[in-house]
Amino acid sequence: MVKICCIGAGYVGGPTMAIIALKCPSIEVAVVDISVSRITAWNSDQLPIYEPGLDGVVKQCRGKNLFFSTDVEKHVSEADIVFVSVNTPTKTRGLGAGKAADLTYWESAARMIADVSKSNKIVVEKSTVPVKTAEAIEKILTHNSKGIQFQILSNPEFLAEGTAIEDLLKPDRVLIGGRETPEGQKAIQALKDVYAQWVPEERILTTNLWSAELSKLAANAFLAQRISSVNAMSALCEATGANITQVSYAVGKDSRIGPKFLNASVGFGGSCFQKDILNLVYICECNGLPEVAEYWKQVIKINDYQKNRFVNRVVASMFNTVSNKKIAVLGFAFKKDTGDTRETPAIDVCKGLLGDKARLSIYDPQVTEDQIQRDLTMDKFTWDHPIHLQPMSPSTVKQVSVVWEAYEATKDAHGICILTEWDEFKTLDYKRIYDNMQKPAFVFDGRNVVDVEKLREIGFIVYSIGKPLDPWLKDMPAVA
Ligand code: UDX
Ligand code: UDX
Ligand code: ADP
């Protein structure tokens, strides 16, 4: 029986291993983590992450061929294949601060693997890491190996949160990078055999180590670039009277461009896009390619611009001040169908509004009050300048309340900001909401989810990203 161990029971490791266990009954899969609370949650009815379809898969396999444990060393030493799926945040201090990936967790995992291994192993890089990490890890493993053979593979994950199970069951492609030596090829084949249990052969691509590592950064950079491109267009649409939905549709009809991932928004978030682009920028700079670095930096600059632009619209529309006005924030997660708030645009938008002394009433169906308070009080680390800004003061924290219902959040509010595209926001009773709000009542739709015409008929003043402006907004000062 092949034994697989995955170090790191997070958004990537958990769902990926659950699907491997589901599709490969003859493989024993152990997911290990140093966080006791995470492992306890994986072993309970309340999984630590919200992901449609995940509960069912875990219930089906847990205790049979899928195990969650804090006994990291035992499971690593017994495994034939070790996936490493630990966090790789952006470095906050020292060389490369603000851009380079922090490989502390990766390095400690690699040293531990070398330490406890008694048999040959395939070590698989699953977290996004800078190009050539595999080489560094290989050095740590071989210099501490005590004669044991390690083969290192790069097998980047392309799943998106909210659709992780679907993405894992029917991936566009699985990418496996390895050494071009006979041992390397054998290791690639061993991992290929695992995926081949459910993924068609032609979708399993094999490359050299560096191509696999770079492909992951490139794919995320291209995706983020599409959103920044459409968001840049949304500003121009507002200025000219064009409609971004119509423009995106027309552009996406070109089969060379394609229709997906062209939704204008208040900005992209999530744990990957910004981090991976910063990483790419850093690698370009280190390799003497400043023009290429500048090109990719612009994707993040436009994303920051889009979030600022949104806040400015809100404030400008409401007579240039939101001081002490109640603003309902609908949605805090970085996208729908997840409770994840990492790099969510809601953090910057909320901080922007709080900076203008607004009172916020926040509702998200999957994000807890604790998480929201933590996100809003945490030090903000700015990507361009590696300095920490002041965290929010206790008096500012009092300006934030978190509620468990959209109607409660919007009661007596002056304005509503929709920051996540949860389906339930499409079908709210907006007449009821309007009747219970201060007038004039504003809706700022950062995700293009509401029916603008219908809301205007009710009486709302509506701003929707990239859509022709409400006459009210046209009269307000220009937005930077
Ligand atoms: C992303 C990649 O899609 C995935 O392949 C990779 O493995 C990890 O990073 P994820 O961050 O989970 O996945 O979600 P994704 O669906 O890509 O959305 C990222 C952000 O872009 C979200 O904030 C989303 O709301 C935003 N977005 C996405 C838009 O603003 N417009 C779009 O058209 C699509
Ligand atoms: C372009 C648009 O494709 C077309 O829809 C529009 O109406 C006019 O402009 P054209 O300039 O004739 O058409 O040729 P196109 O095939 O788009 O190529 C433009 C340039 O891009 C060429 O120099 C081509 O060599 C280059 N190119 C194209 C690349 O370098 N790489 C590619 O992958 C594709
Ligand atoms: P991702 O989105 O990439 O899955 P997460 O932050 O959700 O990232 O998960 C990474 C997990 O890795 C965390 O639960 C963290 O506790 C775990 N982790 C980090 N370092 C180690 C380590 N040395 N050994 C075991 N687990 C680790």
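All ligand and atom numbering here is 1-based and tracks the order in the structure.
Listed by number with element, the atoms of ligand 1 under 4.0 angstrom from any heavy atom of Lys216 are 6 (C), 7 (O). Close contacts between ligand 1 and Ser265 involve ligand atoms 29 (C), 30 (O) [criterion: under 4.0 Å to a heavy atom]. For ligand 1, the atoms lying closer than 4.0 Å to a non-hydrogen atom of Leu262 are 33 (O). Atoms of ligand 1 lying under 4.0 Å from at least one heavy atom of Glu157, given by number and element, are 7 (O). Listed by number with element, the atoms of ligand 1 under 4.0 angstrom from any heavy atom of Gly269 are 19 (C), 20 (C), 22 (C), 23 (O). Listed by atom number, the atoms of ligand 3 under 4.0 Å from Ser108 heavy atoms are 23 (N).
Side-chain contact of Gln225 with Tyr295: a donor-acceptor pair under 3.5 Å is present, judged by distance alone. Side chains of Ser154 and Glu213: a donor-acceptor N/O pair is absent below 3.5 angstrom, by distance only. In the model, Lys126 has a side-chain atom that pairs as donor or acceptor with a side-chain atom of Asn155 under 3.5 Å. Asn231 and Ser228 share no donor-acceptor pair across their side chains, judged by distance under 3.5 Å alone. Looking at Trp106 and Ser127, their side chains do bring a donor and an acceptor atom within 3.5 Å of each other. Remark: the Thr368 side chain and the Asp370 side chain contain no N/O donor-acceptor pair separated by less than 3.5 Å. Side-chain atoms of Trp422 and Asp364 include a donor-acceptor pair closer than 3.5 Å. Checked by atom type, the side-chain pair Lys121/Ser119 shows a donor-acceptor distance below 3.5 Å. Between the side chains of Glu51 and Tyr11, no donor-acceptor pair of N or O atoms lies under 3.5 Å.
For ligand 1, the polar-atom distance check against Phe334 finds a nitrogen or oxygen pair separated by under 3.5 Å. For Leu223, no nitrogen or oxygen atom sits less than 3.5 Å from a nitrogen or oxygen atom of ligand 1, counting backbone and side chain alike. Looking at Gly270 next to ligand 1, no N or O pair under 3.5 Å apart turns up. Below 3.5 Å of separation, one finds no N or O of Glu421 facing any N or O of ligand 1. Taking only nitrogen or oxygen atoms, main chain and side chain alike, Ser271 does not reach within less than 3.5 Å of ligand 1.
For atom 18 (O) of ligand 1, the closest non-hydrogen atom on the protein side is Lys335 CD, 4.0 Å. The closest protein non-hydrogen atom to atom 17 (O) of ligand 2 is Arg256 NH1, 3.8 Å.
For the residues Arg342, Arg447, Lys260, the heavy atom positioned nearest atom 25 (O) of ligand 1 is part of Arg447.
Contacts between Arg342 and ligand 3 below 4.0 angstrom, taking non-hydrogen atoms only, involve the side chain exclusively. The backbone and the side chain of Asn263 each have at least one atom closer than 4.0 Å to an atom of ligand 1 (non-hydrogen atoms only). At a heavy-atom cutoff of 4.0 Å, ligand 1 is contacted by the side chain of Cys272 but not by its backbone.
Ligand 1 has no atom lying under 4.0 Å from any heavy atom of Glu343. Taking 4.0 Å as the cut-off, Arg226 does not count as a neighbour of ligand 1 on heavy-atom distance.
Between the side chain of Ser145 and the main chain of Thr142, a donor-acceptor pair closer than 3.5 Å is present.
At a distance under 4.0 Å, a protein heavy atom can be found next to atom 5 (O) of ligand 2.
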